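Values below: all heavy atoms of this structure, side chains included; hydrogens, waters and symmetry mates excluded. Counting from 1, the numbers follow the sequence of the chain as shown. Please read these numbers as outputs of a predicted model, since none were measured by experiment.
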Amino acid sequence: MITKLFGSVREYKLPSLLAPAFVVGEVIIEVIVPILMANLIDFGITKGDLSYIYRLSVLIIVLCLMSLALGALAGKYAAKAAAGFAKNLRQDMYYKVQKYSFSNIDRFSTSSLVTRLTTDVTNVQNAYMMIVRTAFRSPAMIIFSMVMAFRINAKVALVFLAMIPILAAGFLLIFSKAHPIFQKVFKTYDKLNNIVGENLHGIRVVKAFVREDHEDEKFKNVSGQMYDLFVKAEKLVIMNMPLMQAVIYASMLLMSWISSKYIVASHNDPALGMTTGQFTSMFTYLMQMMMNLMMLSMIFMMIVISRSSVERIIEVIEEVPDLANKEDPVMQVKDGSVRFEGVSFSYNGSDKYCLSDVDLDISSGQTVGIIGGTGSSKSTIVQLIPRLYDATKGRVLVGGVDVRDYDIETLRNEVAMVLQKNVLFSGTIKENLRWGDENATDEDIKRVCRLAQADSFIEKFPDKYDTYIEQGGTNVSGGQKQRICIARALLKKPKILILDDSTSAVDTHTDAMIRKAFAEEIPNTTKFIIAQRISSVQDADKIIVLDGGRINAVGTHDELMKTNDIYREVYTSQAKGGSEDE
């Protein structure tokens with residue numbers, strides 16, 4: 001798992017190595033300084049040797065400045081390595097998500113993916129910065145200080161050694177209890193992000209139904225859950241500080257008590273005792289070791305928090321896309337013919353099929369209407385054509401070739417979809433239209449807008465095609481958004497055009513004009529029109545009636561009026577409703 005994660009370090013390997021190298025240099029100098037201070041006291045101050053004091057003072061100042069410079073360099077490269085690692089990690093996750101099929105995305109909620117790309121990556125970035133700097137500094141400082149302390153007086157130094165197992169046992173106990181709680185915290189983060197995103201996305205509905213209090217209560221409940229979990233975790237984690245302080249004070253008392261005996265003994269036999277300077281340096285080494293043990297405890301805490309984040313990030317990176325190219329895929333779509341052979345489909349491997357035993361044969365250039373009640377799988381059947389999902393059973397063929405044999409990008413470039421939920425991105429109308437063809441000329445853009453009956457309202461905007469579209473297309477009406485999306489799809493010059501209830505927000509006259517433009521301007525493009533209105537599909541070459549995920553009937557308008565009860569009932573109810581409206 002860690003190896004997979006560190007694969008995102010890439011070009012930031014050098015800063016990741018330089019930071020620990022500078023840290024080690026800084027530590028070596030910091031360990032040397034207490035010995036020099038001991039000599040300054042014992043051989044300079046005690047003996048009153050001013051010349052020795054001046055020389056050693058200058059050396060200590062130079063070493064301190066060198067330590068400062070090395071520390072600054074270590075901090076700079078640690079920050080660069082951590083920020084770069086986080087950048088690559090976000091990039092790798094985002095690129096992986098782009099390769100997901102719809103079924104892969106269905107396994108993660110949108111809010112969960114957002115949390116993993118933001119909060120989780122930030123946690124890992126902070127942990128990585130501490131690892132490349134502090135995680136090298138603290139062990140190095142503890143080891144070097146321990147070595148120097150043993151050189152001065154091994155018996156006194158044993159006090160330090162005895163305290164380490166006590167601290168280690170305490171830390172392990174605390175963090176083993178805290179980790180499961182932090183796992184729950186990040187799942188609660190997902191819920192919180194989901195509520196916020198849902199509320200902002202549907203803010204107009206919330207206000208229209210005066211449901212602000214209800215949404216406030218939902219947010220309050222989840223926010224309260226997060227508070228309770230954090231408090232529970234922090235109650236455990238915060239115990240490392242009193243534990244550390246207790247060990248430090250106990251070490252100071254023991255060392256002072258033992259050292260005082262050696263200092264007194266030195267008056268009788270200097271070889272067996274300890275000088276005042278040595279005691280001072282031992283005290284410094286004690287503080288260095290204990291402070292760095294405290295830093296290690298903070299690192300462990302950060303690792304515990306980030307461990308849950310690492311697991312969630314790895315889940316995204318290791319998720320295998322359900323749809324992938326075969327070896328030597330077909331790189332050209334011959335025409336827009338479509339055939340379904342015994343196709344059944346269920347979402348996420350469920351035993352319940354939403355499409356069952358579908359057999360269809362559609363010639364290139366035909367216009368196919370699809371009608372059916374809510375939940376009859378009208379959208380599902382067309383999503384199998386560009387291989388947004390793979391059929392669970394049977395085959396879907398485009399241009400006489402199984403869609404699973406095509407290069408996915410090649411297939412989708414020849415299929416243009418206007419989905420049921422129309423999506424426009426922040427940017428100008430022209431930028432949104434060029435999703436269909438990034439190299440389209442202004443004349444190409446205007447031509448497809450005329451076909452989609454969009455040019456009339458675009459030309460009325462002050463900035464025309466340079467009009468800025470807000471996020472989600474909130475500054476244009478539903479019908480305008482649909483027509484822009486249709487124009488965007490036409491700009492692809494596809495062999496197959498799929499309109500998934502994409503003229504529901506336009507009036508019947510505009511709908512008829514769009515269909516007329518299709519018939520005249522793109523006669524060789526196979527057109528699938530999913531609609532609720534019979535008028536939108538009655539001129540189609542074939543009309544498919546879906547009922548409960550099965551094909552109930554296929555035929556022209558006249559044929560279905562004579563032979564199909566469902567179609568006739570829908571037509572009669574709509575015709576009656578229209579006459580009543582008039």
Side-chain angles (χ1 to χ4, degrees), residues 1-17 19-20 77-136 175-198 222 225-226 229-230 232-234 237 298-324 348:
M1 184 172 72
I2 299 298
T3 305
K4 188 83 173 178
L5 195 68
F6 284 162
S8 297
V9 176
R10 291 197 291 278
E11 70 270 28
Y12 296 97
K13 286 178 182 175
L14 182 60
S16 298
L17 294 173
Y77 284 107
K80 187 175 181 180
F85 174 53
K87 181 200 75 172
N88 287 345
L89 204 54
R90 278 191 295 268
Q91 188 180 67
D92 292 345
M93 291 174 68
Y94 188 76
Y95 286 176
K96 190 60 179 282
V97 170
Q98 296 300 310
K99 295 178 181 178
Y100 283 177
S101 66
F102 281 12
S103 57
N104 289 116
I105 294 173
D106 292 342
R107 294 190 192 108
F108 299 95
S109 68
T110 302
S111 58
S112 178
L113 287 172
V114 170
T115 304
R116 292 167 199 242
L117 279 159
T118 52
T119 304
D120 287 327
V121 172
T122 300
N123 288 337
V124 173
Q125 176 182 347
N126 293 336
Y128 187 71
M129 184 159 65
M130 293 191 77
I131 286 170
V132 297
R133 189 179 184 189
T134 312
F136 278 89
F175 297 133
S176 64
K177 299 287 186 182
H179 174 62
I181 301 174
F182 281 115
Q183 285 182 313
K184 293 178 182 177
V185 165
F186 291 113
K187 289 180 181 177
T188 311
Y189 260 128
D190 293 345
K191 290 182 185 177
L192 190 70
N193 281 342
N194 185 53
I195 289 171
V196 172
E198 191 175 57
V222 177
Q225 290 175 24
M226 186 175 293
L229 287 169
F230 261 120
K232 189 176 179 181
E234 290 297 334
V237 171
M298 293 176 62
I299 294 169
F300 283 132
M301 182 180 70
M302 185 63 71
I303 289 173
V304 167
I305 294 173
S306 63
R307 180 182 165 188
S308 301
S309 295
V310 167
E311 291 167 354
R312 288 157 53 84
I313 290 169
I314 291 297
E315 282 179 359
V316 175
I317 292 175
E318 290 190 338
E319 175 77 7
V320 179
D322 292 338
L323 306 181
N348 295 323

Closest non-hydrogen atom pair, [X] against [Y]:
| X | Y | answer |
| --- | --- | --- |
| Ile131 | Phe136 | O-CD1, 3.3 Å |
| Lys96 | Pro321 | CE-CD, 3.8 Å |
| Ala78 | Ala19 | N-CB, 3.7 Å |
| Met129 | Ala79 | SD-CA, 3.7 Å |
| Arg116 | Val121 | O-CG2, 3.2 Å |
| Gln125 | Ala83 | NE2-CA, 3.7 Å |

Kindly indicate whether the side chain of Asp92, heavy atoms from C-beta on, has any atom under 4.5 Å from the side chain of Val316.
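Asp92 vs Val316: side chains apart.
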Check whether any side-chain heavy atom of Asn88 sits under 4.5 Å from a side-chain heavy atom of Glu11, and report yes or no.
yes
Once rounded to the nearest 0.5 Å, what's the spacing between atom [atom1] of [X] and atom [atom2] of [Y]?
| X | Y | atom1 | atom2 | answer |
| --- | --- | --- | --- | --- |
| Asn123 | Thr115 | CG | OG1 | 11.0 Å |
| Thr118 | Met93 | OG1 | CE | 8.5 Å |
| Arg90 | Ser8 | CZ | OG | 11.5 Å |
| Lys184 | Gln225 | NZ | CD | 11.0 Å |
| Tyr100 | Leu323 | OH | CG | 13.0 Å |
| Lys99 | Glu319 | NZ | CD | 13.5 Å |

Can you establish whether the number of heavy atoms outside Lys80 located under 6.0 Å from its atom NZ is more than 12?
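Count not over threshold, so no.
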Pick from Leu117, Val310, Val9, Val124: which one makes a side chain to side chain contact (heavy atoms under 4.5 Å, CB included) with Leu89?
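Only match with Leu89 under side chain to side chain contact (heavy atoms under 4.5 Å, CB included): Val124.
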Take Val132 and Tyr77 through the side chain to side chain contact (heavy atoms under 4.5 Å, CB included) test and state the conclusion after the steps.
CA-CA 9 Å; Val132 297; Tyr77 284 107; over 6 Å; no
Under a 3.5 Å distance rule, please check whether Asp120 uses its side chain to pair with a backbone N or O of Ser309 as donor and acceptor.
no
Do Tyr128 and Ser306 have a side chain donor and acceptor closer than 3.5 Å?
no
